[in-house]
Structure formats: C-alpha cells, structure tokens
Amino acid sequence: MSLVREVSFEIDERIFNEGGKADRFWIIHTGTVALDLHVPGRRAAVVETLGAGELLGWSWLVPPHRWHLGAQASSPVRAYEFDAAAVRELCGKNPELQHELCIYVAGVIAGRLRSARVRLLDLYAPYGAGEVP
C-alpha cells in the first residue's frame with residue numbers, strides 16, 4: 001500500500017482513452033466507471049461498468065502498455081491509484097507477487113473480453129443470432 005495514492009474523478013470525467021499510455025491503474029473504492037470501445041463510424045460502445053472493489057486498467061501490465069479500452073466516470077469516483085512502473089519493479093523483485101498478480105489480471109482480462117464480446121453482439125449482431133457460449 002506504500003505505492004498507492006487516493007484520487008477522485010468527477011461524473012463524466014474521462015479517465016483514459018483507448019490507445020493512450022497505460023502508466024497507472026486503480027482499484028475503485030466508490031462510484032462507477034464505464035469501459036468503452038471505439039467503434040468506427042459510431043459512438044464508443046460501453047462494454048462494461050465497474051464498481052467498488054474492481055480493478056480499473058490492466059493494459060499497464062502487458063507491453064506495449066497502451067490502453068485497450070477507454071474509461072469514463074459514470075458517477076463520482078474515489079479510487080486507489082497505483083504507479084504501474086513501481087508495481088512492475090516490485091514484481092521484478094518478488095516473483096511470487098508477480099505470479100499472483102499475473103493470474104489475477106489474466107482473470108480480469110478474460111472477463112472483460114467476454115463482456116466486450118457479449119455487448120458488441122447485443123449492439124450489432126442480427127436479432128436472434130444466439131448466445132455467446
């Protein structure tokens with residue numbers, strides 16, 4: 001916890017944009033954040049909404065450290081912010097921490113991928129196209 005600082009975001013505040021430099025991440029304490037995906041020729045599609053206790057941002061762990069989604073506060077948000085470089089450095093010194101963090105983040109990535117897939121099918125697939133297995 002020595003690497004954390006408390007931050008807040010106002011409603012509708014843009015936290016990061018898809019493609020931007022991923023140099024930090026957050027654990028949401030209160031409030032909600034909408035994750036969105038750029039869709040050419042359309043508005044960004046909200047693919048998931050995160051709340052208290054959830055990890056906001058995983059792209060900081062995977063080179064080239066660029067955001068894969070965008071994020072915007074849907075309500076006032078308080079969060080714990082971590083400097084990604086400092087956490088990666090700590091992981092380099094502690095293989096057990098690195099392993100546990102990678103397993104946790106891989107689970108988050110899998111969940112986000114599924115949410116994005118389901119949401120995009122909801123928005124753009126023909127009616128009655130079926131369910132995601």
J.: Kindly indicate whether the side chain of Asp83, heavy atoms from C-beta on, has any atom under 4.5 Å from the side chain of Leu3.
T.: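 No, every pair of side-chain atoms sits at 4.5 Å or beyond.
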J.: Could you work out, with side-chain hydrogen bond (donor to acceptor under 3.5 Å, both in side chains) as the rule, every residue matching Glu89, not counting sequence neighbours?
T.: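 Testing Glu89 for side-chain hydrogen bond (donor to acceptor under 3.5 Å, both in side chains), a comparison that skips the adjacent residues, returns Lys93.
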J.: Using distance only, find each side-chain donor-acceptor pair of residues 53-66 under 3.5 Å and give its atom names and separation, not counting sequence neighbours.
T.:
residue : atom : partner : partner atom : Å
Glu54   : OE1  : Gly51   : N            : 2.7
Ser59   : OG   : Arg66   : O            : 3.4
Ser59   : OG   : His68   : N            : 3.2
Ser59   : OG   : His68   : ND1          : 3.0
Trp60   : NE1  : Gly57   : O            : 3.2
His65   : ND1  : Trp60   : O            : 2.6

J.: Do the side chain of Glu13 and the main chain of Glu10 share a donor and acceptor less than 3.5 angstrom apart?
T.: yes
J.: Hey, what do you get for CH2 (Trp26) to CD1 (Ile15), rounding to the nearest 0.5 Å?
T.: 6.5 Å
J.: Working to the nearest 0.5 Å, report the span between CD of Glu81 and CZ of Arg24.
T.: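 These two atoms lie 4.5 Å from each other.
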J.: Looking at every heavy atom in both Val47 and Ala116, which two are closest together, and how far apart are they?
T.: CB-CA, 3.7 Å
J.: Do you reckon Phe16 sits in the same ILVMFWY cluster as Ile11, going by side-chain contacts under 4.5 Å, direct or chained?
T.: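 Phe16 does not cluster with Ile11.
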J.: Any chance you could lay out the side chain to side chain contact (heavy atoms under 4.5 Å, CB included) test for Asn94 and Gln98, step after step, and finish with the verdict?
T.: CA-CA 6 Å; Asn94 185 334; Gln98 182 176 18; over 6 Å; no
J.: Of all residues at least two apart in sequence or in a different chain, which pass the side-chain hydrogen bond (donor to acceptor under 3.5 Å, both in side chains) check with Thr32?
T.: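 For Thr32, the residues satisfying side-chain hydrogen bond (donor to acceptor under 3.5 Å, both in side chains) (neighbours in sequence not counted) are Ser75.
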J.: Hey, what do you get for CD (Glu96) to CG (Leu101), rounding to the nearest 0.5 Å?
T.: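 Going from the CD atom of Glu96 to the CG atom of Leu101 covers 12.5 Å.
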J.: Are Leu97 and Val108 connected into the same hydrophobic cluster when the rule is that any two of I, L, V, M, F, W, Y join if their side-chain heavy atoms are below 4.5 Å apart?
T.: yes
J.: Any chain of hydrophobic side-chain contacts (each under 4.5 Å) joining Leu35 to Val7?
T.: yes
J.: Nearest 0.5 Å, please: how far is CD1 in Ile28 from CG in Leu50?
T.: 4.5 Å
J.: Does Gly20 offer a backbone N or O that forms a donor-acceptor pair with the side chain of Asn17 under 3.5 Å?
T.: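 No, because the side chain of Asn17 does not come within donor-acceptor range (under 3.5 Å) of the backbone of Gly20.
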J.: Establish whether Val46 and Phe9 are linked, either directly or via other cluster members, by ILVMFWY side-chain heavy-atom contacts under 4.5 Å.
T.: no
J.: Atom CG in Asp36, atom CZ in Arg43: separation rounded to 0.5 Å?
T.: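 Reported to 0.5 Å precision, the distance equals 10.0 Å.
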J.: For the pair Glu18 (side chain) and His38 (backbone), establish whether a donor and an acceptor sit closer than 3.5 Å, ignoring hydrogens and angles.
T.: yes
J.: So, for Ala52 and His29, which heavy atoms are closest and what is the spacing to 0.1 Å?
T.: CB-O, 3.3 Å
J.: Any link between Leu69 and Leu113 through a network of hydrophobic side chains (Ile, Leu, Val, Met, Phe, Trp, Tyr) touching at under 4.5 Å?
T.: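 Different hydrophobic clusters.
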J.: Calculate, to the nearest 0.5 Å, the distance between atoms CD and SG belonging to Glu100 and Cys91 respectively.
T.: 10.5 Å
J.: Side-chain contact test, heavy atoms from C-beta onward, threshold under 4.5 Å: evaluate it for Tyr80 versus Arg5 and give yes or no.
T.: no
J.: Might you point out which heavy atoms bring Ile27 and Phe82 nearest each other, and give the distance in Å?
T.: CG1-CE1, 3.8 Å
J.: So, for Ala34 and Ser74, which heavy atoms are closest and what is the spacing to 0.1 Å?
T.: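 Here Ala34 and Ser74 meet closest at N-OG, 3.3 Å.
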J.: Using every non-hydrogen atom in the two residues, find where Ala71 and Val33 come nearest and quote the distance to one decimal.
T.: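 Here Ala71 and Val33 meet closest at CB-CG1, 3.8 Å.
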